[in-house]
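Just follow the structure's listing: the first ligand is 1, and inside any ligand the first atom is 1.
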Amino acid sequence: MLFGRAKKNPIKIADKGVVEWKYTTCGYCSTGCSIEVGVNEDGVAVSSRGIGGAHVNQGKLCLKGIFEHELFKSSGRGSHPMVRAKRFLPWHAVSWDEALDKVSGEIKRIQSTYGRDAFAIVSTGQIMTEEFYTLGKLARGVIGTNNYDGNTTLCMSSAVSGYKRSFGSDGPPGCYDDFSHTECLMAFGSNLPEQHPVIYWRLKTALEQRKFPVIVVDPRVTMFAQMADVHLAIQPGTDVVLLNAMAHVILKEGLHDQAYIDAHCSDFETFRALVEQYDPDTAAPICGIDADTIRNVARTYAKAGAAMSIWTMGINQSTHGSDGVVGINNLNLITGNIGKPGGTSLSITGQSNAMGTREWSSASGLPGYRALEKEKDREEIAKYWNIDPEFLPKKRGLFQTDIFPAIETGQIKGLWIVATNPMTSMANTSRIRKILEKLDFLVVQDAYQDVETTQYADVYLPAAIWAEKEGCFTNTERRVNLTRNAQTPYAESKPDLWIFTQLAKRFEQAKNMKWPEKAEGVFDELRELSKGRFLDYSGMSYDKIEQNRGIQWPCNAETAPDGSPRLYVDGVFNHEDGRAKLIPLPFVDNNERPDGEFPFWLNTGRVVEHFHTRTRTGKIGNLNKFSPTPYMEINPDAGARLGIRHGEYVRVTSRRGDAVVMAQFTQRVPPNMVFIPFHFHDCVNRLTLGLLDPHSRQPAYKQSACRVERIEEQSAAARRNHDARAF
Ligand SMILES: Nc1nc2c(c(=O)[nH]1)N[C@H]1C(S)=C(S)[C@@H](COP(=O)(O)OP(=O)(O)OC[C@H]3O[C@@H](n4cnc5c(=O)[nH]c(N)nc54)[C@H](O)[C@@H]3O)O[C@H]1N2
Ligand SMILES: Nc1nc2c(c(=O)[nH]1)N[C@H]1C(S)=C(S)[C@@H](COP(=O)(O)OP(=O)(O)OC[C@H]3O[C@@H](n4cnc5c(=O)[nH]c(N)nc54)[C@H](O)[C@@H]3O)O[C@H]1N2
Ligand code: SF4
Ligand SMILES: [Mo]
């Protein structure tokens with residue numbers, strides 16, 4: 001039977017000639033969407049689609065995932081290993097042997113001249129877990145530098161530190177399914193609809209089935225804030241004060257869960273004494289939220305049968321990042337909201353494999369949540385790797401954000417950068433430029449040769465990307481997902497795993513160690529090393545992961561193939577006494593703040609179309625066209641005061657430097673704040689200060705001060721930005 005539209009042209013989807021769909025996982029954000037990549041009869045990737053039965057995304061993808069197959073052949077990919085005689089001279093393509101001999105030779109030269117720790121390694125959250133583990137084995141077990149860390153210090157370090165302080169271990173305790181059970185959700189510094197669109201869709205679906213209050217804490221009126229029942233437009237950097245005041249109200253009004261605290265928490269009395277000082281009337285002028293609203297929100301949260309908190313960079317990227325995480329954990333502990341359906345403290349992670357690096361890379365410790373500081377852990381790993389336990393350092397070395405200043409002071413002479421682009425993503429990039437120039441030797445290993453950081457390198461190693469290789473990513477909810485190989489690597493580029501194992505062969509110490517060349521072989525090591533532990537992979541296999549569309553750890557033989565949706569279900573935590581710690585959080589306001597000379601808060605972050613430093617999304621037309629120009633959100637009242645019109649170019653200046661951006665008038669930001677996405681090179685990170693959190697060493701990217709001026713030469717500014725765009 002024909003329906004109404006029979007005579008109209010039906011919607012047609014172009015036939016791209018797909019002959020096979022390959023199971024993979026999206027390589028952009030930490031949501032962990034299952035994607036099938038369609039290849040045509042020539043083996044070329046021509047399409048991407050969400051997988052219907054997958055837990056995480058149930059067929060959905062955001063626009064980055066939809067166009068992901070286009071990145072394999074996008075411009076700027078590295079085709080050959082490159083070396084040059086001297087920095088800034090022309091590059092020469094060389095064989096892999098020549099390039100890797102050069103790298104291993106320089107590492108040995110620097111270490112024998114200046115000591116083992118004078119060579120540093122900075123990695124990422126964006127390669128596969130098997131690659132992270134192998135890099136860790138090489139860095140800790142062979143090269144033996146203690147100055148090895150990742151860009152995750154810019155991203156998840158505060159969450160890791162906060163989880164460890166509260167619960168005794170890293171590991172987000174909740175899952176997306178908690179949206180379907182919660183009776184109240186509070187989101188801190190997270191722009192979920194743009195940055196994790198598919199997690200947001202899961203939340204919206206849960207809300208359509210069953211209404212519950214949503215409270216969003218963000219100084220901007222984001223899309224998330226607009227859909228919330230309550231939006232708390234907090235003063236930048238003061239979430240800890242709000243959290244202390246909420247705890248004050250909850251304890252004062254007896255809304256806490258005394259039985260849970262007595263059974264599962266320690267240090268309640270010291271915590272109570274501190275929050276006693278944060279009554280809402282004292283807190284309100286500091287955090288900018290009126291006292292009655294604080295009381296109402298605290299009551300709503302505490303009275304809900306199950307309540308959950310999520311957070312992202314608005315919390316982590318702060319001088320109080322780790323304390324912010326602990327504050328959220330405190331709130332959930334005193335209300336008994338950990339380890340139960342709908343009750344959790346769920347850090348929304350960032351990069352596709354920010355979790356995999358925390359679990360397995362050895363960057364901050366040893367594989368499988370083991371610590372360098374623990375003798376037993378060092379011995380276990382040394383035995384497994386067949387090295388002398390004394391070769392391993394007894395405490396962790398410098399964080400990523402301390403490695404760069406140590407180059408400045410001459411302590412570090414050589415650097416290997418894997419899959420991160422600090423020339424665009426770190427705070428105060430003019431300082432980073434001088435630091436990179438100071439190095440004796442820099443090697444950059446990236447899928448694209450045209451990343452800004454490569455300009456300062458002596459050797460460039462072209463890496464294969466995403467489904468050009470095989471391996472796992474762990475998502476926000478501890479789900480281990482698999483990417484099957486769907487493409488041959490571009491030109492002469494090679495999987496990071498191959499690069500690490502080939503480099504290892506050039507060191508004497510590696511000769512008696514095992515270096516599986518296939519990702520699945522490495523995965524077997526992860527299973528063995530995690531058996532019976534908190535972080536347990538032992539019940540997983542590649543086939544089971546593929547069949548199940550991801551498995552949540554811990555997963556042993558008994559819980560396979562479903563794994564575990566939640567941690568701490570029994571209320572037993574990982575501190576020695578088995579209890580979670582309630583930690584008092586005194587607040588000291590130590591940020592750069594707006595003043596007469598620099599009257600605006602400078603807030604920074606992201607937009608939906610772009611990923612980080614645009615090495616990928618900047619080259620995909622259907623993404624870049626939506627956001628091609630460096631811009632700034634500014635309130636129309638502030639714009640009018642400065643004589644600026646919507647769409648004009650302005651100069652933004654901070655104590656570090658200046659940048660030219662287009663002014664976009666919007667009520668999303670208050671009159672004393674501007675917001676600039678960090679995706680563009682030579683833009684907002686020329687301005688940011690990036691003070692570090694004392695526990696996590698994560699930079700406060702979201703709290704700097706700046707001034708804004710109209711520029712006379714509008715056409716020159718437009719031309720400059722046009723040139724900057726064309727990488
Ligand atoms: N499209 C896209 N998605 C991404 C990424 C991307 O680059 N593009 N990157 C991924 C990665 S690695 C990450 S880490 C995540 C980041 O995801 P999000 O953290 O959600 O994104 P951001 O835009 O960095 O910042 C979120 C919000 O923090 C708010 N904020 C600023 N200061 C404060 C404060 O003091 N308190 C509070 N409560 N909020 C504040 C900002 O106004 C902003 O709206 O996104 C991931 N997903
Ligand atoms: N002002 C400001 N600055 C920020 C932030 C902010 O909110 N504001 N956010 C911070 C955060 S949370 C993050 S996570 C960082 C991100 O900062 P970066 O890590 O510098 O960002 P990316 O552009 O993702 O860099 C990853 C690089 O890895 C390459 N790559 C991708 N896949 C592969 C692969 O498989 N192998 C290899 N070898 N290379 C690959 C990409 O081409 C890219 O050059 O930025 C931080 N900087
Ligand atoms: S939400 Fe994240 S994981 Fe899912 S398709 Fe978009 S970028 Fe990929
Ligand atoms: Mo991140």
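Ranking the protein heavy atoms by distance from atom 20 (O) of ligand 1 puts N191 N, 2.8 Å first. Summary of contacts: the protein heavy atom closest to atom 36 (N) of ligand 2 is D496 OD2, 2.8 Å. Protein heavy atom nearest atom 34 (C) of ligand 1, with residue, atom name and distance: G314 O, 3.5 Å. The nearest heavy-atom contact from the protein to atom 40 (C) of ligand 1 is P219 CD, 3.3 Å. Of the protein's heavy atoms, M313 N, 2.8 Å lies nearest to atom 19 (O) of ligand 1. Shortest contact from atom 47 (N) of ligand 1 to any protein heavy atom: Q195 O, 2.8 Å. In this structure, atom 26 (C) of ligand 1 lies nearest to the protein heavy atom G189 O, 3.5 Å. Looking only at protein heavy atoms, the nearest one to atom 7 (O) of ligand 1 is H612 N, 2.9 Å. What sits closest to atom 23 (O) of ligand 1 on the protein, heavy atoms only, is R606 N, 3.1 Å. Of the protein's non-hydrogen atoms, the one nearest atom 46 (C) of ligand 2 is S425 O, 3.6 Å.
Of all the heavy atoms of K469, the ones lying under 4.0 Å from any atom of ligand 2 belong exclusively to the side chain. At a 4.0 Å heavy-atom cut-off, ligand 2 touches T613 through backbone and side chain alike. Contacts with ligand 1 closer than 4.0 Å are made by no heavy atom of Q317, backbone or side chain. Of the heavy atoms in N421, both backbone and side-chain atoms come closer than 4.0 Å to ligand 2. Residue-level proximity to ligand 2 for N685 is carried by the side chain, the only part with a heavy atom below 4.0 angstrom. When non-hydrogen atoms are compared, ligand 2 lies under 4.0 Å from neither the backbone nor the side chain of A354. Only side-chain heavy atoms of I234 come within less than 4.0 Å of ligand 1; its backbone N, CA, C and O stay farther off.
Checked against a 3.5 angstrom limit, the closest N/O atoms of D218 and ligand 1 fall inside it. Taking distance alone, with nitrogen or oxygen atoms compared against 3.5 Å, Q703 approaches ligand 1 more closely than that limit. Considering backbone and side-chain atoms alike, K702 places an N or O below 3.5 Å from some N or O of ligand 1. The N/O atoms of V608, backbone and side chain alike, include one that comes under 3.5 Å of an N/O atom in ligand 1. For ligand 1, one of its N or O atoms has an N or O atom of D239 under 3.5 Å away. For a threshold of 3.5 Å applied to N or O pairs, the pair formed by V607 and ligand 1 contains at least one separation below that value. Looking at Q235 next to ligand 1, no N or O pair under 3.5 Å apart turns up. For ligand 1, the polar-atom distance check finds an N/O of G237 within less than 3.5 Å of one of the ligand's N/O atoms.
Distances shorter than 4.0 angstrom do not occur between any heavy atom of M156 and any atom of ligand 1. Look at M426 and you'll find every heavy atom at least 4.0 Å from all atoms of ligand 2. Distances shorter than 4.0 angstrom do not occur between any heavy atom of I315 and any atom of ligand 1. Judged by the shortest distance from any of its heavy atoms, G350 lies outside the 4.0 Å radius around the atoms of ligand 2. Heavy atoms of V451 come nearer than 4.0 angstrom to ligand 2 in at least one pair. Put simply, no part of G690 is less than 4.0 Å from ligand 2, judged by heavy atoms.
In the model, E452 has a side-chain atom that pairs as donor or acceptor with a side-chain atom of N421 under 3.5 Å.
With W466 as reference, F72 is the one residue of F611, F72, Y490, F473 to meet the ring-ring contact (aromatic ring centres under 6.0 Å, His included) rule.
The shortest side-chain heavy-atom distance between N151 and M426 does not fall under the 4.5 Å cut-off. Residues I465 and Y448 are in side-chain contact: their nearest non-hydrogen atoms beyond the backbone lie under 4.5 Å apart.
E477 has no carboxylate O lying under 4.0 Å from a charged side-chain N of R202, or vice versa, which leaves the two without a salt bridge. At a threshold of 4.0 Å, the pair D693-R697 does not count as salt-bridged, since none of the basic side-chain nitrogens sits closer than that to a carboxylate oxygen. Between R668 and E194 there is a salt bridge, since a side-chain N of the basic residue sits under 4.0 Å from a carboxylate O of the acidic one. Salt bridge E131/K469: present, at least one basic N to carboxylate O contact under 4.0 Å.
Between F224 and W311, the distance from one ring center to the other does not fall under 6.0 angstrom. Checked against the 6.0 Å centroid criterion, the rings of H612 and F678 qualify as a close aromatic pair.
The distance from ligand 2 to the heavy atoms of I127 drops below 4.0 Å at these ligand atoms: 34 (C), 35 (O), 36 (N). If you number the atoms of ligand 2 from 1 as listed, the ones under 4.0 Å from a heavy atom of A419 come out as 26 (C), 27 (C), 28 (O), 37 (C), 38 (N), 39 (N), 40 (C). Atoms of ligand 1 lying under 4.0 Å from at least one heavy atom of S190, given by number and element, are 20 (O). Interface of H610 with ligand 1, defined as ligand atoms under 4.0 Å from a residue heavy atom, comprises 1 (N), 2 (C), 6 (C), 7 (O), 8 (N).
Around atom NZ of K518, no more than 12 heavy atoms belonging to other residues, nucleotides or ligands sit under 6.0 Å away.
Geometrically, K494 engages W498 in a cation-pi contact, judged by NZ or CZ lying under 6.0 Å from the ring centre and within 45° of the ring axis.
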